[in-house]
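A quick write-up on the structure given underneath.
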Amino acid sequence: MAQTAILIIFGAVCLCFAFSFASLSLQHHKKTSNIFLATGVIWCIAGLCLQLSLPDFYDFITAMYLWEFPTLLILSGIIYFSTQKFNNIYKTALVIFILAELGSMAFPSSAVFVSDSLPFWADRLIIISLWTIYALSFQILTKVEGISGNHALTVFTGIAVLPFIGGAPILLGAIAACGIAVFAAWQIYNTYPAKLNITPASSYALGFILAWFCLKTASEGALSCTLVLNSLFFYEVLIAVLRKLSLRPNYQNITQNTDFYQAGLD
């Protein structure tokens, strides 16, 4: 059974990379830029396929239902297509918050994200708020070519390692390996000089997906691990916001306030 699982995971990883790279190559040839469709959609489909094809593993603290990936794909797709129609951060934040609230309903009621000492509603309100902030803030990393892809690869690689030390379920590690594949394909086109630019709509949708996977891993008792894996992201977002609040004219564009971007100006 273990050999069968390894072969399934290896095949899924190879197919994820192949499909993502082919989709990105086609977009590069046609001079389009739908990064979400070439990465997020393929990853969600791969996650569902792994759920259906891998042997049953009983190392989950909370259940993982078959409807979670279809729900995630639908919600992130709504974000991708709806945010293309308006360029207003407040409307975008409202849409993401509502969809994050809907997405939180797909998690098992037994899932605890922050602390089991908190009331259920408080725990869910915190994760919905963090989910919204994460999805909105992911765009900040896209201003510097290669940084957002490196961040996603860091998160997926870290989660893929966790099952080897008993820190996460095997299925989550397998799904993370597929995430490494799709974002590795993107990095080929995202590293400076970037051949494909990511749009705000794609960044919101991908940030929504990445936040969901971090929350799913956190519900398995790996909150501290996910926080460490995202520490650089949180730092850059905090620095960008603080510089924005300084009201200095050269810091009013929040996407240009990160240390990575400022270092490139020197």
Side-chain angles (χ1 to χ4, degrees), residues 5 8-9 11-13 15-16 19-20 36-83 94-114 116 120-121 123-132 134-135 138 152 155-156 159-160 162-163 168-179 181-183 201-202 204-223 226:
I8 292 173
I9 295 170
V13 170
L15 287 174
C16 282
F19 280 118
S20 294
F36 165 69
L37 301 179
T39 54
V41 171
I42 291 175
W43 181 76
C44 287
I45 294 173
L48 178 61
C49 290
L50 284 174
Q51 277 188 275
L52 294 171
S53 57
L54 281 178
D56 290 331
F57 292 109
Y58 299 97
D59 54 350
F60 276 87
I61 296 176
T62 58
M64 186 167 186
Y65 301 117
L66 286 176
W67 63 71
E68 291 189 55
F69 272 107
T71 300
L72 177 64
L73 181 58
I74 292 171
L75 295 179
S76 58
I78 293 173
I79 291 174
Y80 176 73
F81 290 108
S82 64
T83 53
L94 179 61
V95 168
I96 294 175
F97 184 86
I98 293 173
L99 294 177
E101 183 176 3
L102 294 175
S104 69
M105 297 178 185
F107 287 117
S109 58
S110 58
V112 176
F113 299 94
V114 182
D116 54 6
F120 177 81
W121 64 267
D123 185 77
R124 290 303 166 97
L125 180 60
I126 291 172
I127 67 110
I128 291 170
S129 301
L130 291 176
W131 196 347
T132 303
Y134 195 108
F138 193 71
V155 172
F156 280 119
I159 295 176
L162 288 179
I170 296 173
L171 179 58
L172 287 185
I175 295 170
C178 290
V182 297
F183 281 95
S202 282
Y204 296 140
L206 290 179
F208 188 86
I209 286 176
L210 195 58
W212 175 88
F213 195 55
C214 289
L215 290 172
K216 189 65 184 179
T217 305
S219 71
E220 292 297 315
L223 175 62
T226 56

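These numbers come from the heavy atoms of this one structure, side chains and all, not from hydrogens, waters or symmetry mates.
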Seminar exercise, completed: Residue pairs passing the side chain to side chain donor-acceptor pair (under 3.5 Å) test with at least one member in residues 71-80, sequence neighbours excluded, are Asn34-Tyr80, Tyr80-Gln84
For this session: First locate atom CE of Met64, then atom CZ of Phe69, and finally report the distance between them rounded to the nearest 0.5 Å.
Result: 4.0 Å
Problem set entry | Gap between atom CG of Leu130 and atom CG of Leu125 - 0.5 Å precision | 9.5 Å
Exercise. Taking all non-hydrogen atoms of both residues, which atom of Ile170 and which atom of Pro163 are closest, and how far apart?
Worked result: CA-CB, 4.1 Å
Seminar exercise, completed: Exactly one candidate in Leu99, Leu206, Ile74 meets side-chain contact (heavy atoms from CB on, under 4.5 Å) with Ile79; the answer is Leu99
Exercise. side-chain contact (heavy atoms from CB on, under 4.5 Å) with Ser53: which of Ile8, Ile9, Leu48?
Worked result: Ile8
Seminar exercise, completed: Scanning both residues in full, the closest heavy-atom pair of Gly40 with Ile209 reads CA-CD1, 3.8 Å
For this session: Search all heavy atoms of Phe97 against all heavy atoms of Ser129 and return the closest pair with its distance.
Result: CE1-OG, 4.2 Å
Exercise. Can you find a heavy atom in the side chain of Trp131 that is under 4.5 Å from one in the side chain of Glu101?
Worked result: no
Exercise. Do Trp212 and Leu75 touch side chain to side chain, with heavy atoms closer than 4.5 Å?
Worked result: no
For this session: Heavy atoms only: give me the nearest Trp67-Ala106 pair and the separation to one decimal.
Result: NE1-O, 3.6 Å
Exercise. From Ser219 OG over to Leu172 CG, what is the distance, rounded to the nearest 0.5 angstrom?
Worked result: 7.5 Å
Seminar exercise, completed: Taken to the nearest 0.5 Å, the spacing of Thr132 OG1 from Ile98 CD1 works out to 9.5 Å
Problem set entry | Leu210 side, atom CG; Thr39 side, atom OG1 - distance, nearest 0.5 Å | 10.5 Å
Problem set entry | Which residues share a ring-ring contact (aromatic ring centres under 6.0 Å, His included) with Phe213, sequence neighbours left out | Trp43, Phe156
Seminar exercise, completed: Of all heavy-atom pairs linking Val13 and Ala181, the shortest is O-CB, 3.4 Å
Seminar exercise, completed: Output for pair (Leu171 CG, Lys216 NZ), nearest 0.5 Å, gives 9.5 Å
Exercise. Can you list the steps and then say if Phe208 with Leu72 is a side-chain contact (heavy atoms from CB on, under 4.5 Å)?
Worked result: CA-CA 9 Å; Phe208 188 86; Leu72 177 64; 3.9 Å; yes
For this session: Could you tell me whether the side chain of Glu220 and the main chain of Thr217 form a donor-acceptor pair under 3.5 Å?
Result: no
Seminar exercise, completed: Here the pair of heavy atoms bringing Ala160 nearest to Ala176 is N-CB, 3.7 Å
Problem set entry | Side-chain donor/acceptor of Ser202 to backbone N/O of Phe36, under 3.5 Å | yes
Problem set entry | Residues forming a ring-ring contact (aromatic ring centres under 6.0 Å, His included) with Phe81, sequence neighbours excluded | none
